[in-house]
Amino acid sequence: VWYLNDQTKYIDGEGVYLANYRNLGTINFPAGEKINIKQEILPTQNNLANIIISLKPSEPIELNLQIIDQSNKSVRQQVIQINQVFSHLQFLSWEFDPIADSKNQLYSLIITGNSNNSKTIFYTAEPKKYDGGKLFINSVENAEARIIIDWQYPVENIWKTIIQRLAYSKPGLFNHATTYIILLILIAGI
């Protein structure tokens with residue numbers, strides 16, 4: 001999925017874009033249960049700068065978000081308070097300083113918290129619909145699902161990024177950036 005968001009100056013999304021996915025699964029954390037999720041992500045570009053998480057808390061909740069690298073070193077961390085609760089799912093957008101060398105580096109997004117009086121639901125997709133890696137719930141691997149998250153990068157070269165993303169998402173002949181370069185040359189020459 002690629003898109004341009006003029007407000008935050010982000011282009012390009014990876015992970016699972018919820019709007020294009022119809023069969024949602026859920027992981028439920030009942031009131032009083034500790035939330036402990038580890039979702040691997042694999043950025044294909046440098047400057048990872050935003051992660052969007054799909055969830056539905058039934059009460060205000062505080063979540064600890066952390067990105068760790070393969071050596072378990074914390075790369076980014078923040079505590080986020082969700083004060084406004086809706087009857088439908090919410091998108092929690094976590095913006096942070098870009099990770100300059102994120103391209104092809106396996107990271108883990110760690111989500112922890114205590115559901116206290118709140119039932120908290122995280123939305124999931126099938127593993128084949130997800131661009132990243134494995135999901136662990138309470139340190140146990142879940143091979144059937146992946147948390148629906150989207151990760152984004154800031155705009156650098158808009159045309160290069162669009163060509164990369166078109167090539168990434170199209171089959172056959174349109175699966176190569178060269179095809180788009182040739183098409184752009186032909187269109188510009190007309």
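Worth saying up front: this structure is predicted, and the values here are computed from it rather than measured.
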Quiz item: For the residue pair V85 and P57, what are the closest heavy atoms and their distance?
Solution: CG1-O, 2.9 Å
Any sub-3.5 Å donor-acceptor pair from [X]'s side-chain atoms to [Y]'s backbone N or O?
X: Q39; Y: G133; answer: yes
X: R76; Y: P98; answer: yes
X: E95; Y: I51; answer: no
X: N46; Y: K103; answer: yes
X: N138; Y: V140; answer: no
X: T26; Y: I121; answer: no
X: S58; Y: K119; answer: yes
X: D69; Y: S71; answer: yes

Practice problem: Check the pair Q77 / I67 against side-chain contact (heavy atoms from CB on, under 4.5 Å), numbers first and verdict last. | Solution: CA-CA 6 Å; Q77 184 171 355; I67 297 173; over 6 Å; no
Atom [atom1] in [X], atom [atom2] in [Y]: separation rounded to 0.5 Å?
X: E33; Y: N114; atom1: CD; atom2: CG; result: 9.5 Å
X: Y107; Y: Q70; atom1: OH; atom2: CD; result: 9.0 Å
X: N47; Y: D101; atom1: CG; atom2: CG; result: 9.0 Å
X: S139; Y: N36; atom1: OG; atom2: CG; result: 5.5 Å
X: E40; Y: K134; atom1: CD; atom2: NZ; result: 6.5 Å
X: Q66; Y: Q78; atom1: CD; atom2: CD; result: 12.0 Å

Hydrophobic clusters here meaning ILVMFWY residues chained together by side-chain heavy-atom distances under 4.5 Å, can you tell me if [X] and [Y] are in one?
X: L89; Y: I61; answer: yes
X: I110; Y: W94; answer: no
X: I27; Y: L65; answer: yes
X: I41; Y: F91; answer: yes
X: L42; Y: I37; answer: no

Quiz prompt | Residues forming a ring pair (Phe, Tyr, Trp, His ring centres under 6.0 Å) with Y130, sequence neighbours excluded | solution = W151
Under a 4.5 Å cut-off applied to non-hydrogen side-chain atoms, are [X] and [Y] in contact?
X: I147; Y: L135; answer: yes
X: I111; Y: L109; answer: yes
X: K34; Y: F29; answer: no
X: T124; Y: L24; answer: no
X: F122; Y: I53; answer: yes
X: F96; Y: L48; answer: yes
X: L92; Y: I80; answer: yes
X: I35; Y: L63; answer: yes

Quiz item: Do N50 and S93 have a side chain donor and acceptor closer than 3.5 Å?
Solution: yes
Quiz item: Do other residues, nucleotides or ligands put more than 12 heavy atoms under 6.0 Å from the CD atom of Q81?
Solution: yes
Quiz item: Does K128 have any salt bridge (Lys or Arg N to Asp or Glu O under 4.0 Å) partners at least two apart in sequence or in another chain, and if so, which?
Solution: E126
